Amino acid sequence: MLQRDRTYQLLRNLTSPVVAITSERSGKENGMISDAAVRASIVPTVPRLSVYVHKFNYSHDMIYATGRFALHLLHTEQFDVVRRLGFFSGRDRDKLAEIPHHRGTLGLPILDECFAHFECSVANVMDTGSSTLFLGDVTAVGTGKAAGLEPQGELLTATYFRSHMPAEWRKEYEAKLEEAQQVAAEMSRNIQPVVWQRR
Ligand SMILES: Cc1cc2nc3c(=O)[nH]c(=O)nc-3n(C[C@H](O)[C@H](O)[C@H](O)COP(=O)(O)O)c2cc1C
């Protein structure tokens, strides 16, 4: 195995749980999947998280323009949500049409079913060339419509998703990943300083 491939495989241990990111702009709703999200504050009075979103994803433009997104931790029975939101672009279809959801306090689509959700207002951004790291102030939380105060089910980790995804999805998943890697490779070295103005 080449050293660069070994590095990439080892870095896969640093991926986050599988999350669904939703956005809304001028009435249009969208959602995508990421496994690059992390808690970004240890201060209970200043709850924050961050997530990397590729610039070529439709969600990127929606979040960048509005300064708002909702991040959902998913549970292990939600593979269908990962496929619907993560394998296709909102440029081509209304991906949330068949996923039950409601509007949250920031006007964002909130999935009725999830492990937990966080509504966020973007506090700052960092350009990576191919993606933007969004730092979000968490302004509201929930644990799914049917749940009580505690999350239900088992958290969907990236490792669990990769090892349990239906065999017939794997080819498509790997082809999409490879395509994204090629586009990202061309953009990655062009990092621009950005001053974020709150929307
Ligand atoms: C398991 C999984 C993890 C993903 N992780 C990321 C990620 O960290 N960042 C990202 O920008 N896209 C990620 N994607 C890809 C987007 O979810 C995908 O490109 C989606 O179609 C974008 O939708 P949009 O164009 O409607 O925004 C991931 C997809 C899957 C299935």
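Every heavy atom of this structure was used, including side-chain atoms; hydrogens, water molecules and symmetry mates were not. Counting convention: from 1, in listed order, for ligands and their atoms alike. All residue numbers in this chain count up from 1 along the given sequence. A quick note: this is a predicted structure, and the numbers were derived from the prediction, not measured.
- In R91, the CZ atom is crowded: over 12 heavy atoms of neighbouring residues, nucleotides or ligands sit closer than 6.0 Å.
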Every pair of nitrogen or oxygen atoms between ligand 1 and the protein that is under 3.5 angstrom apart - can you list them with their distances to 0.1 Å?
residue	atom	partner	partner atom	Å
ligand 1	5 (N)	D35	N	3.3
ligand 1	5 (N)	D35	OD1	3.4
ligand 1	8 (O)	S34	OG	2.9
ligand 1	8 (O)	D35	N	3.4
ligand 1	9 (N)	Y52	O	3.2
ligand 1	11 (O)	H54	N	2.7
ligand 1	11 (O)	H54	ND1	3.3
ligand 1	11 (O)	N57	ND2	2.8
ligand 1	12 (N)	N57	ND2	3.3
ligand 1	14 (N)	I33	O	3.0
ligand 1	17 (O)	I33	N	3.0
ligand 1	17 (O)	I33	O	2.7
ligand 1	19 (O)	N57	OD1	2.9
ligand 1	21 (O)	F88	O	2.7
ligand 1	23 (O)	K95	NZ	3.0
ligand 1	25 (O)	Y58	N	2.9
ligand 1	25 (O)	S89	OG	2.7
ligand 1	26 (O)	N30	ND2	2.9
ligand 1	26 (O)	G90	N	2.6
ligand 1	26 (O)	K95	NZ	2.8
ligand 1	27 (O)	Y58	N	3.3
ligand 1	27 (O)	S59	N	2.8
ligand 1	27 (O)	S59	OG	2.5

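- Taking the six-membered ring for Trp, Y160 and H75 have ring centres at least 6.0 Å apart.
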Would you give me the side-chain donor-acceptor pairs under 3.5 Å for residues 39-48, sequence neighbours excluded?
residue	atom	partner	partner atom	Å
S41	OG	V43	N	3.0
S41	OG	V46	O	2.6
R48	NE	D137	OD1	2.8

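- Legend: residues meeting salt bridge (Lys or Arg N to Asp or Glu O under 4.0 Å) with E29, ordered by chain and number and at least two apart, are R103.
- Ring geometry for F134 against W196 counts as perpendicular: the plane angle is over 60°, on a 0 to 90° scale with 30° as the lower cut.
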Considering only distance and modelled atom types, tabulate donor-acceptor pairs under 3.5 Å from the side chains of residues 171-178, sequence neighbours left out.
residue	atom	partner	partner atom	Å
E172	OE1	R83	NH1	2.8
K176	NZ	F87	O	2.9

